[in-house]
Amino acid sequence: MPLDASPAVRSARVPLSLFWRTFFLLALLLIGSILAWLQTLRALEFEPRAMQTAQQIASLVNLSRAALIHSDAINRVSLIKTMKEQEGVRIVPREPGDRFEPFDTDALGQRITQELQSRLGPGTVVANSVNQEVGLWVGFTIDEDRYWMLTDRARFNRTTGRTWLIWLMTAGALSLAGAALIARLINRPLKQLSFAAGRVRDGDFEASSLDETVATSEIRAVNIGFNRMTQMLAKIEQDRAVMLAGISHDLRTPLARLRLETELSVVDVEAQANMVADIAQLDAIIGKFLDYARPGNVKLSPVSLREAFDNCLYSTRNRTDMQVNLDVADDLTVLADAVELGRVITNLLENAARYGKSPATGVAVVDITAKAREQWVLLRLRDHGAGVSDEQLTALSTPFYRGEGARTAANGAGLGLAIVEKTVSRMGGTFVLSNAASGGLAANIKLQRAPKS
């Protein structure tokens, strides 16, 4: 696994939060409802609007016809001129050669035409233009004489598509804003619960308390149950840590006495050495228990990564069964606890020395590299041993788990890598094991990079 690879398994699907899923569902429902109401309103207004428009046009034609009928020839010219100037209505004779375009052919236009013909007579003609002059033209007769009445059709126009679009966009925007507010109110308790569950997963029980006074009874019941669960988990974790620490501490005292008595009482040098080695191994296992039972709160501060490795490698300088190749810049610093970081490095070096020896030479060759990537430092510690199967990689950091085969040549508690993973997680980083491409096991660690002062 390369240093800059993400340890998490990325899903091919695009992640969609519960908020956005709720928002999209509400938005789809509201937009569908708006469209349905829009169609319903348009259908309900069709007949009344057609009747109203036809009535207004018919009234205007009848008034114009009545005015022309009851005026003499001299006043008729003046009346036509006045109607044109003041009312925007023009009366012109209808010639046989006039070319006209029929009124709107949509359903509403046809309904208006039918209603006008029923009100004004079968000879009534309604047109959009006459002789290429656009307007609302109505053909009617006065004493066998045929006339055109031209007026501005805007006064009779139905609601335009632009008006409907503006109304629809306004209603849609308000509906989407309401959907966002509702989705946020619905998902806020779930978001708080998710955050609290994440704090519990990280071992921070104090920061995982939820509000038990919320108004919603179901949410209140969930919060109360979650708080009681975290309290019980915190007590169990505390009891476990106290128990492990107590047992480990109590065992060290008789082990120290046994070692002293062995060195003083056992005459056989070889037997004495074997017994002392067994006691030392028991003491080391107890030390692992103490490390694993340490509390989870860690105070982070800038730590020089090169200095931390130099301190941990000092004790391995005279070892003939281990060779370390260190490639860490002097100015590389991470946010960590110096003591905890030392335990991580020591456990990884110890694991490599035990299980990472080359089958050909019997020497554990360990390559250590570190690189900075934006706000993170990527650390890789790799041996050249036999490696492990892919099925065992995820289980190696499980407490008390020990792999099979050549990597179990030495006895241990199976806590080394579990301690590493737990400690790195407490420091805000990630820890992943992988098999190196050319053989051996690689430990990949990502820690927070310390800001430059």
Side-chain angles (χ1 to χ4, degrees), residues 1-13 305-306 308-310 312-313 316 319-330 332 334 336 341 343-399 401-410 412 414-425 427-449:
M1 181 185 217
L3 275 175
D4 55 354
S6 173
V9 178
R10 291 192 175 97
S11 174
R13 298 176 60 186
L305 199 57
R306 180 59 183 257
F309 272 107
D310 288 341
C312 295
L313 292 173
T316 66
R319 294 187 61 164
T320 59
D321 63 341
M322 188 175 185
Q323 175 186 339
V324 179
N325 302 318
L326 183 63
D327 181 16
V328 179
D330 295 335
L332 203 56
V334 295
L341 182 59
R343 289 195 181 97
V344 168
I345 297 172
T346 301
N347 276 288
L348 291 176
L349 290 173
E350 179 183 344
N351 187 78
R354 284 184 177 181
Y355 311 121
K357 291 183 173 63
S358 174
T361 62
V363 177
V365 179
V366 182
D367 298 329
I368 302 174
T369 56
K371 296 180 182 178
R373 290 287 187 275
E374 297 178 353
Q375 303 302 319
W376 298 93
V377 173
L378 307 172
L379 173 65
R380 181 182 176 93
L381 191 147
R382 175 255 176 116
D383 63 47
H384 293 263
V388 296
S389 63
D390 294 336
E391 293 77 10
Q392 291 181 321
L393 278 177
T394 56
L396 282 180
S397 57
T398 303
Y401 178 86
R402 288 177 290 181
E404 301 176 356
R407 300 189 70 87
T408 59
L415 285 172
L417 296 178
I419 292 172
V420 171
E421 183 178 48
K422 183 178 179 181
T423 305
V424 171
S425 177
M427 294 189 294
T430 56
F431 171 70
V432 174
L433 293 171
S434 64
N435 281 314
S438 57
L441 186 69
N444 304 276
I445 298 176
K446 184 166 73 170
L447 294 173
Q448 302 177 67
R449 187 178 184 182

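Every heavy atom of this structure was used, including side-chain atoms; hydrogens, water molecules and symmetry mates were not. Here the structure is a predicted model, which is why all the values come from computation and not from measurement.
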Please examine the side chains of [Y] and [X], heavy atoms only from C-beta on, and report whether any two atoms are closer than 4.5 Å.
X: M322; Y: L349; value: yes
X: L378; Y: N444; value: no
X: L441; Y: N435; value: yes
X: L341; Y: L305; value: yes

Notebook entry, point to check: With distance as the sole test, does N347 use its side chain to make a donor-acceptor pair with the main-chain N or O of R343 at under 3.5 Å?
Noted result: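 Side chain of N347 to backbone of R343: a pair is present.
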Item checked: Short side-chain to backbone donor-acceptor contact, D367 and R382, under 3.5 Å -> no
Mind checking the [atom1]-[atom2] spacing from [X] to [Y]? Nearest 0.5 Å is all I need.
X: K446; Y: T430; atom1: NZ; atom2: OG1; answer: 5.0 Å
X: T361; Y: H384; atom1: OG1; atom2: NE2; answer: 10.0 Å
X: L417; Y: E350; atom1: CG; atom2: CD; answer: 10.0 Å
X: F309; Y: L379; atom1: CZ; atom2: CG; answer: 4.5 Å
X: R449; Y: L332; atom1: CZ; atom2: CG; answer: 6.5 Å

Notebook entry, point to check: What residues form a salt bridge (Lys or Arg N to Asp or Glu O under 4.0 Å) with D310, not counting sequence neighbours?
Noted result: R306
Next item on the list: Please name the pair of heavy atoms, one in Q448 and one in M427, separated by the smallest distance, quoted to 0.1 Å.
Entry: NE2-O, 3.2 Å
Next item on the list: Can you see which heavy atom on L348 is nearest to which on A443, and at what distance?
Entry: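 Looking at all heavy atoms of both residues, the shortest contact is CD2-CB, 3.9 Å.
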